[in-house]
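So the structure is just underneath, and the comments pick up after that.
One-based numbering along the sequence shown.
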Amino acid sequence: MSTSRRYAVARAHPNLALIKYWGNRDDRLRIPANGSISMTLAAFATTTSVEWVVGQSGDRLSIDQAPVRDSALSRVTSVLDEVRARAGFADRANVVSTNSFPAEAGLASSASAFAALTLAASAAAGLALDSASLSRIARRGSGSASRSVPGGWVEWFAGSDDVSSFAATMAPADHWDLMDLVVLIDARPKVVGSTQGHTRANTSPLQASRVADAPHRLKECREALLGRDFSRLASIAELDSNLMHAVMATSEPPLLYLQEPTVRVLHEVARWRHDNLAVFYTVDAGPNVHLVTSSDSAEAVAARAREMPGVRVVLSSGVGGSALVLEGGDQSG
């Protein structure tokens, strides 16, 4: 087998969900309880290399120059197993992954990590897979990773099984030049990760109602994005974020990701809109706030956010493209 079929490097971006993924129909396959919509974040990336090695006893993983042997390695192996099955070999892999942003801090590092892993592993194995197939494989490692395979504005179709649950681009990155301002409050790893959190969703008395109304919120968000209606998008995105955190707070045991500085920022956003700044908030599974804003308002919003107590730094990103193979494999597609 040639060297180009044994080693590859890929890069993927995290994504920000505007209609959230929280809770699974199938925890093993990560089939979500509802569909979701996201924007890809161009400024942040995970770069991952995969080398298939004949005769190695097990998969090996390094994240940000540190060897990993815990549950993170098991999740990586589950994705590699899918690639091995499709490629028809049993070789083990050396995986090296680096992030350009704080990992495990509510910034969807698992999304970009498993998307990059899927592309690199598939390319190194000599597989020529379409975006939907890659999205399905990435979903096995992290549900939101399915949305980091395609680029731009992305919809993840919940589906009912492994075939029907995948993500696709709704509109390209240049469809709307909105910005995501990441208000970083706490960059430490979460005590309870999203994978554990998803399993608690159905213990909340609010989850069934949240899921039942998801088709309406998806329609509102889809139409607002395609029509570039900022006010409509702001309303539905903030509602969806609040619903997810209400489910978290009423789960058994409860998940309280929001910190005092988080809540202060959320209160200020409404005031900033009264000052004619185009901005809305959404909060993933963590304490950090994403402020989505127009390019015209971004500088003023970022300046105000930096002045808030408890805010460590404000990071900025436009809308990014799809995951890409950088080295090795067949890059012609």
Show every salt bridge (charged side-chain N to carboxylate O under 4.0 Å, His left out) that has at least one partner inside residues 152-161, sequence neighbours left out.
Glu155-Arg222
Does Leu134 share a hydrophobic cluster with Phe157, counting links as ILVMFWY side-chain heavy atoms below 4.5 Å and allowing steps through other members?
no
Cluster link Val53 to Val95, ILVMFWY, side chain under 4.5 Å
no
Look up atom [atom1] in [X] and atom [atom2] in [Y], then write down how far apart they are to the nearest 0.5 Å.
| X | Y | atom1 | atom2 | answer |
| --- | --- | --- | --- | --- |
| Arg139 | Glu82 | CZ | CD | 9.0 Å |
| Phe101 | Ser109 | CZ | OG | 5.5 Å |
| Met39 | Met179 | CE | CE | 8.0 Å |
| Ser49 | Asn94 | OG | CG | 8.5 Å |
| Met248 | Leu243 | CE | CG | 11.5 Å |
| Leu266 | Leu258 | CG | CG | 6.5 Å |

Quickly, which of Thr40, Thr48, Thr46, Asn15 forms a side chain to side chain donor-acceptor pair (under 3.5 Å) with Ser112? Name it, please.
Thr46
Please name all residues satisfying side-chain hydrogen bond (donor to acceptor under 3.5 Å, both in side chains) with [X], sequence neighbours left out, ordered by chain then number.
| X | value |
| --- | --- |
| Asp27 | Asn24 |
| Arg25 | none |
| Ser322 | none |

Hey, could you give me each pair passing ring-ring contact (aromatic ring centres under 6.0 Å, His included) that has a residue in residues 236-276? Not counting sequence neighbours.
none
Scan residues 297-327 for pairs that pass ring-ring contact (aromatic ring centres under 6.0 Å, His included), counting only residues two or more places apart or in two chains.
none
Looking at side-chain heavy atoms only, is the closest gap between [X] and [Y] below 4.5 Å?
| X | Y | result |
| --- | --- | --- |
| Val319 | Trp176 | no |
| Ile37 | Met170 | yes |
| Leu16 | Ser38 | no |
| Ile185 | Val289 | yes |
| Arg200 | Leu255 | yes |
| Val182 | Leu291 | no |
| Phe166 | Ile137 | no |
| Glu238 | Val269 | yes |

Keeping the roles fixed (side chain from [X], backbone from [Y]), state whether a donor-acceptor pair exists under 3.5 Å.
| X | Y | value |
| --- | --- | --- |
| His13 | Phe44 | yes |
| Thr169 | Pro150 | no |
| Thr250 | Ala246 | yes |
| Asp186 | Pro287 | no |
| Asp284 | Gly286 | no |
| Ser78 | Gly141 | no |
| Lys20 | Ala17 | yes |
| Ser135 | Ala167 | yes |
| Arg84 | Asp91 | yes |
| Thr282 | Leu18 | no |

Contacts of Glu268 meeting salt bridge (charged side-chain N to carboxylate O under 4.0 Å, His left out) (sequence neighbours excluded), chain-then-number -> Arg271
With ILVMFWY side chains joined below 4.5 Å, transitively, what does Ile31's cluster contain besides itself?
Leu29
Donor-acceptor contacts under 3.5 Å from residues 116-131 side chains, at least two apart:
residue : atom : partner : partner atom : Å
Thr118  : OG1  : Phe114  : O            : 2.7
Ser122  : OG   : Thr118  : O            : 2.8
Asp130  : OD1  : Ala132  : N            : 3.4
Asp130  : OD1  : Ser133  : N            : 2.8
Asp130  : OD1  : Ser133  : OG           : 2.8

Salt-bridged, [X] to [Y], with N to O below 4.0 Å?
| X | Y | result |
| --- | --- | --- |
| Arg140 | Asp81 | no |
| Arg92 | Asp59 | yes |
| Glu51 | Arg60 | no |

Would you please say whether a donor-acceptor pair under 3.5 Å links the side chains of Ser165 and Trp156?
yes
Classify the side-chain pair Asp177/Ser295 by whether it contains a donor and acceptor separated by less than 3.5 Å.
yes
Show, in sequence, the C-alpha distance, side-chain angles and deciding distance for Arg136 and Ser146, and conclude whether the side-chain hydrogen bond (donor to acceptor under 3.5 Å, both in side chains) test is met.
CA-CA 6 Å; Arg136 294 182 187 102; Ser146 64; over 6 Å; no
Name every donor-acceptor pair, under 3.5 Å, that has one atom in a side chain of residues 297-315 and the other anywhere in the protein, sequence neighbours excluded.
residue : atom : partner : partner atom : Å
Ser297  : OG   : Ala278  : N            : 3.1
Ser297  : OG   : Ser294  : OG           : 3.3
Arg304  : NH1  : Asp275  : OD2          : 2.8

Can we call the ring centroids of Tyr7 and Trp52 under 6.0 Å apart?
no
Heavy-atom count check: over 12 atoms from other residues, nucleotides or ligands less than 6.0 Å from Arg75 CZ?
yes
Walk me through whether Asn34 and Arg210 qualify under side-chain hydrogen bond (donor to acceptor under 3.5 Å, both in side chains).
CA-CA 9 Å; Asn34 61 273; Arg210 175 187 164 274; 3.1 Å; yes
Mind checking ring-ring contact (aromatic ring centres under 6.0 Å, His included) for His198 and listing every partner two or more places apart, or none if nothing turns up?
Tyr21, Trp22
Could you list the donor-acceptor pairs under 3.5 angstrom formed by side chains in residues 229-236, with sequence neighbours left out?
residue : atom : partner : partner atom : Å
Asp229  : OD1  : Ser231  : N            : 3.4
Asp229  : OD1  : Arg232  : N            : 3.1
Arg232  : NE   : Glu220  : OE1          : 3.0
Arg232  : NH1  : Glu223  : OE1          : 3.4
Arg232  : NH2  : Glu220  : OE2          : 3.0
Arg232  : NH2  : Glu223  : OE1          : 2.5

Does the side-chain contact (heavy atoms from CB on, under 4.5 Å) test come out yes or no for Leu181 and His290, once each step is laid out?
CA-CA 6 Å; Leu181 304 179; His290 293 263; over 6 Å; no
